[in-house]
Amino acid sequence: MPYVNTKNKTEFSYDVKYRTSLCKDLHTKIESEQTVAGWIRTKRDHGGLLFLNLHDHTGLIQCVIDQQHELFLQCDKIPIESVVSISGKITERPTESLNDKLNSGHLELQISKIEILSKANSLPFALHQNDIGEEIRLRYRFLDLRREIMQKHIRLRSEVIHEIRTLMMNHQFLEIHTPILTASSPEGARDYVIPSRIHKGKFYALPQAPQQFKQLLMVSGIYRYFQIAPCFRDEDSRSDRVPGDFYQLDMEMSFATQEDVFNIMENVIHKVFFKFQPNMHIDDYPFKRISYKTAINEYATDKPDLRNPLKLYDITHLFTNDIPKIFESAVQTGKIYALPVPNLHLQTRKFLLDMQTFAQSLQAKGLGYIIFDEKVSGPLTNALSKNIVNHLQTIMKKVNTDMQYDTNKGGVLFIASENLQIVHRVASEVRQKVATELDLIKKNSYMFCWICDFPMYEWSEEKKGWEFSHNPFSMPYEGLQGLNKNPSEILAQQYDLVCNGYELTSGAIRNHSPDIMYKAFEIVGYTKNQVDKEFSGMINAFSYGAPPHGGSASGLERIIMLLAGTKNLREVIPFPLTQSGEDLMLDAPKELSKERQKELGITVTK
RNA sequence: GGGGGUGUAGCUCAGCACGGUUAGAGCGUUGGCUUGUCACGCCAGAGGCCGCGGGUUCAAGUCCCGUCGCUCCCGCCA
């Protein structure tokens, strides 16, 4: 019989062939005969008495059998992690052997029947271990996922997606799938590419994001669109960036302003975070808005961790004449940041030296500091003029006041002076490291901010020309007129949502006007013809009545990673690739047979 | 493409600076003992291409060169 019908419409009895109860329900079934099914996780043999812990997806039950029982030997021989179906009477444990650490610690099952459904070999690692190397975990991911923490992450991921769907649909968004086999787009990351069998020598690309499709949907008159969208980028990985595929909450709204997008996303993100981490501090909305320029000045990064109370000061302008030798090159080709840290003068000298070593590991030439104590000291003191030192002391005092330390108590002011390539990294990383070491990072908090007003263009030394600093489809402020400014001053209606130092969301109000698009692309060196050719779909569509629109895309795995409290994306991805883009379990990517190559019209060279 | 870390028993790791007995530990596993444990306990055993290739040396897990895997970072990521 292939299918067992349910008893009636309201009560489902599931899995009736292998079990009569799930572990979580056994406490309601004391003194009755039950059958449970699952994995034997642990086994304790006391000679005359044997305990087996059977786990299913809802919990566990201790099963017990006496030496006198005819099934004792069979039970004793079952390897752990074998899959079994066990029947017996559910009883209360004797009072002296209750276990209050377990939900079912007052119960046990007296084994009267056992069926081995699948015998397990001995495992490559123990499931209770939590220090297993990642390579072995990925090779045996199906076992790794059997571990409790990974089960939690998988469940969390499913529930977060469910919640997002509900919220988006409540906001009148339609969920719409867009193609996976599509065209390569010239700007942006490297594409994954699929050869076409029918059109030999031509290739599909996997979408880096459904960007063009979602904008086309706006032209189609879809009021609001969203999708839990798979995205593919062939770029090198980081701990918060995986190679291969990842997922975004992709959304787009017609007739929308930046504030409209902010309102929706703040509502959705806040609700999701609150639902899954109700006991954490979560910034109320509206979230803080910080211009890109301010972010760079105060945090030296466009994704500041606001749990960190320390702020940087760009003090380059203090050095206009009479520039100390050690700062000369930074003033000419970079910046000088100051990081005032209250109370730090109480730390040992080793702390300061360790920070210098840390800065050097980021390719800094060094890291200066001035100690404000009873007197002013530190290696830089003599190199700086009295005027400058006084100015820095004023900053230090102001910071002490602002952070509610006693004004007269001292501190240490770090100084990072490097060329532009390095100074932002050094300043932002030192800010974070100092705060971490001093335990200044606010605990149990999700702190959000929008970074807005990104520059539309940035100068490329390589190309000796301007290029888009982010999304080429963003609308510049003041539209066509805005593009007449010096490219370095043109700001885009482009924004990122940042949480605890992670970029969660990135979006923009889009450019829906062909005229403005031609002009925007002209600045990076595209002719009208080139734009018509490379973006024919979009340009063409926008000439048939395109509503103003904008939206955003949020990294789903990053949201889940933050909710799960891990620092690595792979922990919340069921089957991630390794850093070099390999699947260690199924052995991808693989070589292609000569026949397949021929069929696809490709030749492989090495 | 570049830099750092790492690779020794099924798993987690010690040993390497300063080359020299038979390469160790904990967990797991196998066998034995054990009637109230819950990561049970006790006793005994098996288990090693010291990532791979080359070199130096009387002698290499240890030193040198190359190479590969995993990982973190830079570049890259509209």
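Naming: A, B, ... by sequence-line order, numbering from 1 per chain. Just so you know, these numbers come straight off a predicted model, no measurement behind them. The figures that follow rest on heavy atoms only: side chains count, while hydrogens, waters and symmetry mates do not.
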If you check the A:R570 side chain, which of B:U71, B:C77, B:G36 turns out closest?
B:U71
A:F51 near the nucleic acid: base, sugar-phosphate alone, or nothing, with a heavy-atom cut-off under 4.0 Å?
base
Is there a residue in residues 517-533 of chain A whose heavy atoms reach under 4.0 Å of RNA chain B, and which residues are they?
none
What's A:L98 touching, base or sugar-phosphate or nothing? Going by heavy atoms closer than 4.0 Å.
base
With both pairing distances under 3.5 angstrom for Watson-Crick or G-U wobble, and | for a partner in another strand, the correct string for RNA chain B is (((((((..((((......[...)))).(((((.......))))).....(((((..]....))))))))))))....
Restricting to salt bridge (charged side-chain N to carboxylate O under 4.0 Å, His left out), what partner residues turn up for A:K528, sequence neighbours left out?
A:D532
Can the ring centres of A:F521 and A:F468 be said to be less than 6.0 Å apart?
yes
Donor + acceptor pair across side chains of A:S291, A:D453 (<3.5 Å):
no
Can you tell whether the side chains of A:R137 and A:E571 come within less than 4.0 Å, N to carboxylate O?
yes
Summarise how protein sits on nucleotides 40-48 of chain B as a single string, 5' to 3': B when a protein heavy atom is under 4.0 Å from the base, S for sugar-phosphate-only contact, - for no contact.
B--------
Quick one about A:S513 and A:D515 (side-chain donor to acceptor, distance below 3.5 Å, no hydrogens or angles considered), yes or no?
no
A:E108 near the nucleic acid: base, sugar-phosphate alone, or nothing, with a heavy-atom cut-off under 4.0 Å?
base
Base-contact (B) and sugar-phosphate-only (S) positions in nucleotides 9-17 of chain B, heavy-atom cut-off under 4.0 Å, - elsewhere:
-SSS-----
Classify the angle between the aromatic ring planes of A:W459 and A:W466 as parallel (below 30°), tilted (30 to 60°) or perpendicular (above 60°).
perpendicular
Across the strands shown, which category fits A:N568 at heavy-atom distances under 4.0 angstrom: base, sugar-phosphate, nothing?
sugar-phosphate
Filtered N/O pairs between nucleotides 66-69 of chain B and protein, under 3.5 Å:
from: B:G69; atom 1: O2'; to: A:E135; atom 2: OE2; distance (Å): 2.9

Select base, sugar-phosphate, or nothing to describe what A:R425 touches, counting heavy atoms under 4.0 Å on all strands.
sugar-phosphate
On a plain distance test, is the side chain of A:D236 in donor-acceptor contact with the base of B:C76 below 3.5 Å?
no
Ignoring hydrogens and angles, are the base of B:C76 and the side chain of A:R241 linked by a donor-acceptor pair under 3.5 Å?
yes
Under 3.5 Å side-chain donor-acceptor pair for A:D496 and A:S506
yes
Donor on one side chain, acceptor on other, A:Q215 and A:Q211, under 3.5 Å:
yes
